[in-house]
Trainee: 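What follows is a structure written as structure tokens; I'll ask about it next.
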Amino acid sequence: MPKPNSSFVTEFAFEGFSSFGWRHRLVFFVVFLTLYLLTLSGNVIIVTIIRLDRHLHTPMYFFLSMLSISETCYTVAIIPRMLSDLLDPHQTIDIQGCATQLFFYLTFGINNCFLLTAMGYDRYVAICNPLRYSVIMGKRACAQLSSGSLGIGLGMAIVQVTSVFGLPFCDGFVISHFFCDVRPLLKLACADTTLNEMVNLAVSVCVLVLPMGLVFVSYILIISTILKIASAEGRKKAFATCASHLTVVIVHYGCASVVYLKPKSQSSLGQDRLISVTYTVITPLLNPVVYSLRNKEVKDALRRAVGRKSLSP
């Protein structure tokens, strides 16, 4: 029940980086804006190259393009508002805007988790069952895995947003974060949030522990298969096809797990905010960097595209 003599809140303010002086905020603004622009341009290049180059019309690159699109939507939901708040930390966001931001953040964040799982399954089939790869990972299967990831993201986001914004918010209106997230919002509610915290934990387990477990099992099978390859060159090539994906998986799941799976008693909003900067600003940049700089096929496709452009009148 709401606390007596409390008025309901209709808008929020972000604590964000308001504790820093304007010089520090300006430095953060320049750094985050640069990273954001690099992320957007990197993802656009990846999606464009994969679409234009027929050599990359494979399941692995289909999932990579879907991940790039999802990461772009994910960052658009968070970073522009964060950049605006760095310049003017006294802005407010109405409750509908906050709910909308949380919805898109969760939808595409969860979609990313399951797309990474689908990419892990793709690598498992390619290495452990190569003779049936084209049959198992056909266009229909890829479309089903991709749409299923987005469907899970939408469903989980609706559950979380409904759970959080079904609560009354009284008196406190400053969110101890730089965007609308579940835990900081629950701390502002003036009602018992035990059930909501259980819902949040259940969703976190479903979208982090389950996909991580599937990826972990996939890589146990992948590594055991690679170790059976007779030639050292064959083993090296097989490991190379998985290295980029595994790097992104470790960073993505690692940061998210620290924030969303640790006990409430050990939760520090300050630490959570710092880690959140990693997976909302830095991790999305990691995908295009890792998949372009460490991936020979993408680099070759980029050279072919640049070569065609330079030769055209």
Trainee: Determine whether Asn43 and Ile69 make a side-chain contact, defined as any pair of heavy atoms from C-beta on separated by less than 4.5 Å.
Mentor: no

Trainee: Below 4.5 Å, heavy atoms only, C-beta onward: do Phe12 and Ile95 meet side chain to side chain?
Mentor: yes

Trainee: Flag the pair Val277 / Phe17 as yes when at least one side-chain heavy-atom distance between them is below 4.5 Å, and no otherwise.
Mentor: yes

Trainee: Taking all atoms of both residues into account, what is the closest heavy-atom pair of Ser68 and Thr72, and its distance?
Mentor: O-OG1, 2.8 Å

Trainee: Begin with the C-alpha distance, continue with both residues' side-chain angles, and end with the deciding distance and a verdict on side-chain contact (heavy atoms from CB on, under 4.5 Å) for Tyr61 and Ile46.
Mentor: CA-CA 9 Å; Tyr61 292 106; Ile46 283 181; over 6 Å; no

Trainee: Not counting sequence neighbours, which residues clear ring-ring contact (aromatic ring centres under 6.0 Å, His included) with Tyr133? List them please.
Mentor: none

Trainee: Do any side-chain atoms of residues 28-36 form donor-acceptor pairs under 3.5 angstrom with protein atoms, and if so which ones, sequence neighbours left out?
Mentor:
{"from": "Thr34", "atom 1": "OG1", "to": "Val30", "atom 2": "O", "distance (Å)": "2.7"}

Trainee: Using 0.5 Å steps for rounding, measure from the CD atom of Gln96 to the OG1 atom of Thr100.
Mentor: 7.5 Å

Trainee: Can you name the nearest heavy-atom pair linking His55 to Thr58, along with the distance?
Mentor: O-CG2, 4.0 Å

Trainee: Hey, any chance Val182 and Val209 share a hydrophobic cluster, counting ILVMFWY side chains that come within less than 4.5 Å of each other, even indirectly?
Mentor: yes

Trainee: With a 4.5 Å heavy-atom cut-off, do Val207 and Phe114 have their side chains touching?
Mentor: yes

Trainee: Nearest 0.5 angstrom please: Ile79 CD1 to Phe179 CZ, how far?
Mentor: 10.5 Å

Trainee: Give every residue pair that meets the disulfide bond (SG atoms under 2.5 Å apart) criterion with at least one member in residues 22-84, sequence neighbours excluded.
Mentor: none

Trainee: Would the distance check show the side chain of Ser146 and the main-chain N or O of Cys142 forming a donor-acceptor pair, the cut-off being under 3.5 Å?
Mentor: no

Trainee: Keeping to residues at least two apart or across chains, list the salt bridge (charged side-chain N to carboxylate O under 4.0 Å, His left out) pairs with something in residues 172-181.
Mentor: none

Trainee: Within this structure, what is the CD1-CZ distance for the pair Ile49 and Arg51, rounded to the nearest 0.5 Å?
Mentor: 13.0 Å

Trainee: What closest approach, in Å, do Ile226 and Ile127 show between heavy atoms, and which atom pair accounts for it?
Mentor: CG1-CG2, 4.0 Å

Trainee: Which residue pairs pass the side chain to side chain donor-acceptor pair (under 3.5 Å) test with at least one member in residues 147-159, sequence neighbours excluded?
Mentor: none

Trainee: Compare every heavy atom of Asp94 with every heavy atom of Gly97, then report the nearest pair and how far apart it is.
Mentor: N-OD1, 2.5 Å

Trainee: Any side-chain to backbone donor/acceptor pair from His177 onto Glu15? Under 3.5 Å, distance only.
Mentor: no

Trainee: Consider only side-chain heavy atoms of I, L, V, M, F, W and Y, link residues closer than 4.5 Å, and tell whether Val248 and Leu246 are in one cluster.
Mentor: yes

Trainee: What pairs of residues pass the side chain to side chain donor-acceptor pair (under 3.5 Å) test when at least one of them lies in residues 103-121, not counting sequence neighbours?
Mentor: Ser70-Asn111, Ser70-Asn112, Glu71-Asn112, Tyr105-Tyr260, Tyr105-Tyr279, Thr117-Tyr253

Trainee: For side-chain contact (heavy atoms from CB on, under 4.5 Å), just list the numbers for Met119 and Leu116, CA-CA rounded to whole Å, side-chain angles, deciding distance to a tenth of an Å, and then say yes or no.
Mentor: CA-CA 5 Å; Met119 292 171 78; Leu116 287 170; 4.3 Å; yes

Trainee: Donor-acceptor pairs under 3.5 Å, side chain of residues 152-170 to any protein atom, not counting sequence neighbours: which ones?
Mentor:
{"from": "Gln160", "atom 1": "NE2", "to": "Asn200", "atom 2": "OD1", "distance (Å)": "2.8"}
{"from": "Thr162", "atom 1": "OG1", "to": "Ile158", "atom 2": "O", "distance (Å)": "2.7"}
{"from": "Ser163", "atom 1": "OG", "to": "Asn196", "atom 2": "ND2", "distance (Å)": "3.1"}

Trainee: I'd like a table of donor-acceptor pairs (distance under 3.5 Å, sequence neighbours excluded) in which one partner is a side-chain atom from residues 82-93, with atom names and distances.
Mentor:
{"from": "Ser84", "atom 1": "OG", "to": "Gln91", "atom 2": "OE1", "distance (Å)": "3.3"}
{"from": "Ser84", "atom 1": "OG", "to": "Gln91", "atom 2": "NE2", "distance (Å)": "2.7"}
{"from": "Asp85", "atom 1": "OD1", "to": "Arg81", "atom 2": "NE", "distance (Å)": "3.4"}
{"from": "Asp85", "atom 1": "OD1", "to": "Arg81", "atom 2": "NH2", "distance (Å)": "3.4"}
{"from": "Asp85", "atom 1": "OD1", "to": "Gln91", "atom 2": "NE2", "distance (Å)": "3.3"}
{"from": "Asp85", "atom 1": "OD2", "to": "Arg81", "atom 2": "NE", "distance (Å)": "3.2"}
{"from": "Asp88", "atom 1": "OD1", "to": "His90", "atom 2": "N", "distance (Å)": "3.3"}
{"from": "Gln91", "atom 1": "NE2", "to": "Ser84", "atom 2": "O", "distance (Å)": "3.0"}
{"from": "Gln91", "atom 1": "NE2", "to": "Asp88", "atom 2": "O", "distance (Å)": "3.2"}

Trainee: Assigning hydrophobic clusters by single linkage (Ile, Leu, Val, Met, Phe, Trp, Tyr; side-chain heavy-atom cutoff under 4.5 Å), is Ile250 placed with Ile223?
Mentor: yes

Trainee: Within a reach of under 6.0 Å around NE2 of His24, are more than 12 heavy atoms found that belong to other residues, nucleotides or ligands?
Mentor: no

Trainee: For Ile175 versus Pro184, what's the shortest heavy-atom pair and its separation?
Mentor: CG2-CB, 3.7 Å

Trainee: Using a 3.5 Å distance criterion without hydrogens, assess whether the side chain of Thr283 forms a donor-acceptor pair with backbone atoms of Thr280.
Mentor: no

Trainee: Between Val135 and Tyr124, is there shared hydrophobic-cluster membership here, with clusters defined by ILVMFWY side-chain heavy atoms closer than 4.5 Å?
Mentor: no

Trainee: May I ask you to list the residues sharing a hydrophobic cluster with Ile220, side-chain cutoff 4.5 Å, ordered by chain and number?
Mentor: Phe216

Trainee: Does anything in residues 201-225 pair up under side chain to side chain donor-acceptor pair (under 3.5 Å), and if so which pairs, sequence neighbours excluded?
Mentor: Tyr219-His245

Trainee: Rounded to the nearest 0.5 Å, what separation is found between the CG atom of Leu64 and the CD1 atom of Ile50?
Mentor: 4.0 Å

Trainee: Disulfide bond (SG atoms under 2.5 Å apart): which pairs involve residues 89-125, sequence neighbours left out?
Mentor: Cys98-Cys180

Trainee: Supply the atom-to-atom distance His57 NE2 to Leu52 CG, rounded to the nearest 0.5 angstrom.
Mentor: 7.5 Å

Trainee: Return the CG to CG distance between Asp122 and Leu115, rounded to the nearest 0.5 Å.
Mentor: 12.0 Å

Trainee: Should Phe14 and Phe20 be counted in the same cluster of Ile, Leu, Val, Met, Phe, Trp and Tyr side chains packed under 4.5 Å apart?
Mentor: yes

Trainee: Sort and list the pairs that fulfil salt bridge (charged side-chain N to carboxylate O under 4.0 Å, His left out) and have at least one residue in residues 125-150, not counting sequence neighbours.
Mentor: none

Trainee: Does Cys128 reach the side chain of Ile222, with side-chain heavy atoms less than 4.5 Å apart?
Mentor: yes

Trainee: Side chains of Met66 and Leu150, heavy atoms from C-beta outward: is any pair under 4.5 Å?
Mentor: no

Trainee: Please report the closest heavy-atom contact between Ala118 and Phe63, naming both atoms and the distance.
Mentor: CB-CE2, 3.9 Å

